[in-house]
There are 2 protein chains.
Amino acid sequence: MADPLVARLELFEPLSSEDRDALAALTERGIPCGKRKDILREGNPVGSLYLMRKGWACRYTILPEGRRQIISFVIPGDLCNDHVLLFHHMEHSIAALTPCEVGVVSPHRFLEVLNTHPRISRALYWSNLVMEAVLRERIITLGRRSATQRIAHLFCELLLRLRAAGLAHDHSFDLPLTQHDIADTLGLNHVHVNRVITTMRKLGLIKLKGHVLEIPNWDDLTALGEFDPRHLNGFVRPGDPTGGSWERQP
Amino acid sequence: MADPLVARLELFEPLSSEDRDALAALTERGIPCGKRKDILREGNPVGSLYLMRKGWACRYTILPEGRRQIISFVIPGDLCNDHVLLFHHMEHSIAALTPCEVGVVSPHRFLEVLNTHPRISRALYWSNLVMEAVLRERIITLGRRSATQRIAHLFCELLLRLRAAGLAHDHSFDLPLTQHDIADTLGLNHVHVNRVITTMRKLGLIKLKGHVLEIPNWDDLTALGEFDPRHLNGFVRPGDPTGGSWERQP
DNA sequence: CGCTCCCTTGATCCGAGTCAACAATCGTGG
DNA sequence: CCACGATTGTTGACTCGGATCAAGGGAGCG
């Protein structure tokens, strides 16, 4: 299997074999991280850049009285802490949701590669833009969508991102989240998440057994969640029936 | 008054006079935009990079049934559409909240300046990181904070950002938002925003008359809104009594 | 085998939304 | 400079989506 970072960047820009070699040479070592363990913790100093190579994690904060908000998910090909190139402290924690493997990279060497490989830095910039669009979309979800729409929207987003990472097949994927995690992502309570998921199952909008989610009817789910795949510009290949891109607009 | 982009970047990195000249030479022309008019509209193609030079704007989307979500605010020194360096379509609209002046820059020339001025590109990267931290903080607000906390948090954030842009004096600033705008920013209803603001006024937490907001007791308001100035890393100068930065942590 | 998560369901409650009406303020044109 | 219409702010009455509290069942794991 290809390096997940290479695979990610090639969604946006074709890389030369020299580019790929430079990226492969970056990772000093891979460190494993156990399920449900913190990979990085809020307030702690970090000196290295961490790349997610295998597994899922989430960025989160704990608020007073123990409330938790999950900010985003980190999947293979994502950088955990690209801000390390400038700051050396974590503003939020990152926890493994499955057993993970994280690549450790020297910020100095990473910057050097960016400076000497314009295709890599462009692809990374593009990837960052898409990740930011995902954050904006989450704001819209949390601000103005109902519980059902939030869940539908999240599932649609995850399918497309995981598919781009080669981690989904057709319309199903492995979902390592508990209903509590989903609640903390979407600003809901886990009891309510359970009720909504139960209803969505009964309506045939999703199939969720064990930790495998299947979306039998993509069009219905996207319509319900007001999911517009265009914000994942570049994550979705042109011609993919599940999505589009702004560039193809007239 | 200095160029707002120069002022912004110098929050993060001292620039040489050559750097400043290069930035000043970028803007081809300034275009005015009337209050409550769209500066850029979702789905439309854009070829230029727009810099906010004067006035406030907001990024927003309109959802089905007319619901609106304001995603973020654009103040002097912000870039409206840095993604134009890669995509040429708007994923959301940007509307002027006050009469604005927007600088128009050629993406090609902008990239050239970034490539030849490492201090500028570093400062801009830093600024982008802070803007992203603001988005993440908004997610936490929308996901897990009460209406009162949301409003308190927003007012604290705005004070610090505006102060960094030289647009606040001491503990007050000009707030061009209607209560409806605040509601659409914080995922609330304007009636409820009104009730909460009325209460906050009665409690002496804020003074809001006309469009001037004053925060008489910073500590109380930050405590109420769980506002942590550290996420504005770099926007707040070391030594500022209203904030801190991660870098100063032990 | 027993503990600990996680899922599920029921009963009840509450923060915020909705609907409605009116007051205050602003902007504009006569 | 004033009149008038259109926003914006304010308040009340009522509703409702989702939170909270509580308790039982199932599955994974040490």
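Under a 3.5 Å cut-off, the side chain of B:Arg150 and the backbone N or O of B:Arg145 do form a donor-acceptor pair. Formation of a donor-acceptor pair under 3.5 Å by the A:Arg59 side chain with backbone atoms of A:Ser72 is not found in this model. Not one N or O on the side chain of B:Ser172 forms a donor-acceptor pair closer than 3.5 Å with the backbone of B:Ala168. Within the 3.5 Å criterion, the main-chain N or O of B:Arg136 finds no donor-acceptor partner in the side chain of A:Arg138.
If you take CE on A:Met200 and CD1 on A:Ile215, they are separated by 8.5 Å, rounding to the nearest 0.5 Å. The distance from atom CD1 of A:Ile139 to atom CG of B:Leu135, rounded to the nearest 0.5 Å, is 4.5 Å. From A:Leu49, atom CG reaches atom NE2 of A:His83 across 9.5 Å, with rounding to the nearest 0.5 Å.
We find that CZ of B:Arg36 is positioned 14 Å from C1' of D:dA6, with the value rounded to whole Å. Distance, A:Leu142 CG to D:dG18 P: 13 Å, rounded to whole Å. The interatomic distance linking B:His211 (NE2) with D:dT8 (P) rounds to 8 Å, in whole Å. The CD1 atom of A:Ile197 sits 12 Å away from the P atom of C:dT9 (whole-angstrom rounding).
Note on ring orientation: taking the six-membered ring where Trp is involved, the planes of B:His153 and B:Phe227 are perpendicular (angle over 60°, cut-offs 30° and 60°).
At a cut-off of 3.5 Å, with distance as the only test, a side-chain donor of B:Tyr60 or B:Asp38 sits close to an acceptor on the other residue. With hydrogens and angles left out, the side-chain atoms of A:Arg163 and A:Thr242 include a donor and acceptor closer than 3.5 Å.
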Strictly under 3.5 Å: I want the nitrogen or oxygen pairs between protein and nucleotides 24-30 of chain D, one per line.
none

Enumerate the protein-to-nucleotides 19-22 of chain D contacts in which both atoms are nitrogen or oxygen and the separation is below 3.5 Å.
| residue | atom | partner | partner atom | Å |
| --- | --- | --- | --- | --- |
| D:dA19 | OP1 | A:Asn189 | N | 3.1 |
| D:dA19 | OP2 | A:Asn189 | N | 3.1 |
| D:dT20 | OP2 | A:Asn189 | ND2 | 3.3 |
| D:dT20 | O4 | A:Arg195 | NH2 | 3.1 |

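Checking the phosphate oxygens (OP1, OP2) of C:dC7, no side-chain nitrogen or oxygen of A:Asn194 falls inside 4.0 Å.
Backbone-only contact: A:Arg201 has heavy atoms under 4.0 Å from sugar-phosphate atoms and none from a base.
A heavy atom lying under 4.0 Å from DNA chain C marks the following residues of residues 174-185 of chain A, by number: A:Thr178, A:Gln179.
Annotation for B:Arg41: atom CZ does not count as buried by contact number, only 12 or fewer foreign heavy atoms lying within 6.0 Å.
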